[in-house]
Amino acid sequence: MAKSPEVKVAVFGRAGVGKSALVVRLLTNRFIWEYDPTLESTYRHQASVDDEMVSMEILDTAGQEDLLQKEGHMRWGDGFVLVYDITDRSSFEDVAPLRSLLEEVRKPRHVPLVLVGNKADLEHARQVATEEGERLAADMACAFYECSACSGTAGTSGTAGTVAEAFHELCREVRRR
Ligand code: GDP
Ligand code: MG
């Protein structure tokens, strides 16, 4: 039997945007309220993407790394999930510099990425409009998802489905190249 393709996925974004919560949601379909913010972990996750099993190795970064560590993570990954918090404009403003650093580190290769606006359940506290996320994604020529790590139903529908869809789309983007 053919070995399923491996995709290394690194999740980036300011501390507190919900990177760990998203990864835990993807892996267990559960939401964990408190997660050690300084923790950096890797996880293995198998998923069927377009009828093919894909083996993801997911690096959940802490978001507090120094430049050298960040560059190391950027060299390690095949694809990247850039996460911001829709209720925190400064986390959105962190995305473009992260993208520039990625481009610089991976030059001249194309950098597969997806943009994720998390905490969509906190509509009342929204600071970043959906259109702004869409515009940034268009600038970066990548897919864009708004989702919530904490409100979601099991399976592949609802926001939990959106979280999975973001990771699956990234796998497609990696494998396209
Ligand atoms: P990280 O530093 O990016 O890994 O962020 P965490 O996953 O540790 O989450 C930071 C905080 O945001 C925690 O208190 C989580 O409970 C909360 N959080 C994460 N995702 C969501 C979400 O989608 N909605 C809401 N309301 N809170 C979230
Ligand atoms: Mg974390």
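Note that ligands are numbered from 1 as they come in the structure, with each ligand's atoms numbered from 1 the same way.
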### Summary
Atoms of ligand 1 under 4.0 Å from any heavy atom of Ser148, numbered from 1 in the order shown, are 23 (O)

### Summary
Here the salt bridge (charged side-chain N to carboxylate O under 4.0 Å, His left out) pairs for residues 128-143, sequence neighbours left out, are Arg89-Glu132

### Query
Does Gly63 have a non-hydrogen atom less than 4.0 Å from ligand 1?
no

### Polar proximity ligand 1 side, Ala149 side, N/O cut 3.5 Å exclusive
yes

### Query
Quick one: which ligand 1 atoms are inside 4.0 Å of a heavy atom on Ala15?
2 (O)

### Message
When you group the ILVMFWY residues by side-chain heavy-atom contacts below 4.5 Å and let the links chain together, are Ile58 and Leu102 in the same group?
### Response
no

### Query
If two hydrophobic side chains count as joined below 4.5 Å and joins carry through other members, does Leu82 share a cluster with Val128?
yes

### Task
Using a strict 4.0 Å cut-off to heavy atoms of Asp121, name the atoms of ligand 1 that fall inside it.
22 (C), 23 (O), 24 (N), 25 (C), 26 (N)

#### Entry: Ligand-side contact atoms (ligand 1) for residue partner Val17, heavy atom cut-off under 4.0 Å
3 (O), 5 (O)

### Query
Has ligand 1 got any nitrogen or oxygen that is less than 3.5 angstrom from a nitrogen or oxygen of Cys147?
no

### Message
When you measure from the side chain of Ser91 to the backbone of Val17, do you find a donor-acceptor pair of N or O atoms at a distance under 3.5 Å?
### Response
no

### Task
Output yes if Thr61 passes the N/O/S-under-2.8 Å test against the Mg ion (ligand 2); output no otherwise.
no

### Task
Using heavy-atom distances, let me know which of Gln64, Lys119, Lys19, Arg25 sits nearest atom 27 (N) of ligand 1.
Lys119

### Task
Answer with side chain, backbone, both or neither: which part of Asn118 has a heavy atom less than 4.0 angstrom from an atom of ligand 1?
side chain

### Task
Among residues two or more places apart or on two chains, list those pairs meeting ring pair (Phe, Tyr, Trp, His ring centres under 6.0 Å) that have a residue in residues 87-142.
Tyr84-Phe92

### Message
If I take atom CD from residue Gln127 and atom CG from residue Asp88, how far apart are they, to the nearest 0.5 angstrom?
### Response
6.0 Å

### Query
Looking just at side-chain N and O atoms, do Thr87 and Arg126 make a donor-acceptor pair shorter than 3.5 Å?
no

### Message
So for ligand 1, is Ala120 a polar contact partner (N or O within less than 3.5 Å, distance only)?
### Response
no

#### Entry: Spacing of SG belonging to Cys147 relative to CG belonging to Asn118, to within rounding of 0.5 Å
5.0 Å

### Message
As an exercise, identify every atom of ligand 1 less than 4.0 angstrom from a heavy atom of Ala21.
### Response
7 (O), 19 (C), 20 (N)

#### Entry: Close-contact set for ligand 1 against Leu122 heavy atoms, below 4.0 Å
26 (N)

### Query
Going by distance only, is there an N or O of Gly16 that falls short of 3.5 Å from an N or O of ligand 1?
yes

### Query
Same hydrophobic cluster for Phe144 and Val95, using side-chain heavy-atom links shorter than 4.5 Å among ILVMFWY?
yes

